[in-house]
Amino acid sequence: MLWVGVDISSRQHEACVGTSDRVLRRRLAIANTRDGLARLEAAISKEQRAIRAQAVIVGMEPSGVYWKPLAAQLRQRGYAVVLVHTKAVRHNRQTMRDGSKTDTKDALAIWDLLRQGKFFLPLERDAEHEVAYRLMQHYAASRRR
């Protein structure tokens, strides 16, 4: 099994690739472009071949909206994409030696959560359910206001 933790950003994502017992690639900076996605895929397939992994699971934080296009592209290409909770990433990062915030450390924290099994199962909705979900979010937000 190959685990890939991706810290999402508007311009550049940071990835950490590893197995259940060791990090294979601690820092992989990829642009939020098609070329960046191709670079991520090349790195994943290289590591997958090197260790002869049968499956790849890519985990990311659902902060903002920048994770959605990357998740959709990875799903289209056959990768299992899961989400990790933003608070879990923060708490996990704080338990590391130097708990300061960097994108590289967040990617490592996401990878660590994946290998511990602390992630959400993939959430895929069809178009009608997505619209209903958005309406429910707007309704809940207006009630809070």
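Numbering of residues begins at 1 and proceeds along the displayed sequence. Because the structure is predicted, anything quoted here is derived from the model rather than measured.
Within the structure, side-chain hydrogen bond (donor to acceptor under 3.5 Å, both in side chains) pairs that include any residue of residues 135-145 comprise Tyr133-Gln137, Arg134-Gln137, Tyr139-Arg143 (at least two apart or interchain). The list of side-chain hydrogen bond (donor to acceptor under 3.5 Å, both in side chains) pairs with a residue in residues 2-13, not counting sequence neighbours, reads His13-Asn32.
For Glu47, there are no salt bridge (charged side-chain N to carboxylate O under 4.0 Å, His left out) partners, not counting sequence neighbours. Residues meeting the side-chain hydrogen bond (donor to acceptor under 3.5 Å, both in side chains) test with Asp21, sequence neighbours left out: Thr19. For Arg25, the salt bridge (charged side-chain N to carboxylate O under 4.0 Å, His left out) test picks out no residue, with sequence neighbours left out.
The distance from atom CZ of Phe120 to atom NE2 of His85, rounded to the nearest 0.5 Å, is 5.0 Å. To the nearest 0.5 angstrom, Arg90 atom CZ is 10.0 Å from Glu61 atom CD. The distance from atom CG of Leu2 to atom CD1 of Ile57, rounded to the nearest 0.5 Å, is 9.5 Å. The CG atom of Leu114 sits 10.0 Å away from the CE atom of Met1 when rounded to the nearest 0.5 Å. The NZ atom of Lys105 sits 13.0 Å away from atom CG of Asn92, with the distance rounded to the nearest 0.5 Å. Rounded to the nearest 0.5 angstrom, Glu14 CD and Arg26 CZ are separated by 10.0 Å.
The nearest pair of heavy atoms linking Val23 to Cys16 is CG1-SG, 3.9 Å. Between Val56 and Ile44, the closest heavy-atom pair is CG1-CG2, 3.8 Å. Closest approach of Gly5 to Ala107, counting heavy atoms only: O-CB, 3.8 Å.
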Compile the donor-acceptor pairs under 3.5 Å between side chains in residues 76-84 and protein atoms, sequence neighbours left out, one pair per line.
| unit_1 | atom_1 | unit_2 | atom_2 | d |
| --- | --- | --- | --- | --- |
| Arg77 | NE | Glu41 | OE1 | 2.8 |
| Arg77 | NE | Glu41 | OE2 | 3.1 |
| Arg77 | NH1 | Gln73 | O | 3.4 |
| Arg77 | NH1 | Gln73 | OE1 | 2.7 |

**Prompt:** Can you list the steps and then say if Ile110 with Val6 is a side chain to side chain contact (heavy atoms under 4.5 Å, CB included)?
**Reply:** CA-CA 7 Å; Ile110 293 168; Val6 181; 6.0 Å; no
**Residue pair Arg27, Thr104: steps toward the side chain to side chain donor-acceptor pair (under 3.5 Å) verdict** = CA-CA 6 Å; Arg27 184 170 195 270; Thr104 303; 3.2 Å; yes
**Message:** As a quick check of understanding, evaluate side chain to side chain contact (heavy atoms under 4.5 Å, CB included) for Met60 and Leu74, giving each step before the final call.
**Reply:** CA-CA 12 Å; Met60 57 187 71; Leu74 290 171; 4.1 Å; yes
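Annotation: side chain of Val89 is in contact with side chain of Leu113 (closest heavy-atom distance under 4.5 Å).
Annotation: Arg39, atom CZ; neighbour count of heavy atoms from other residues, nucleotides and ligands within 6.0 Å is above 12.
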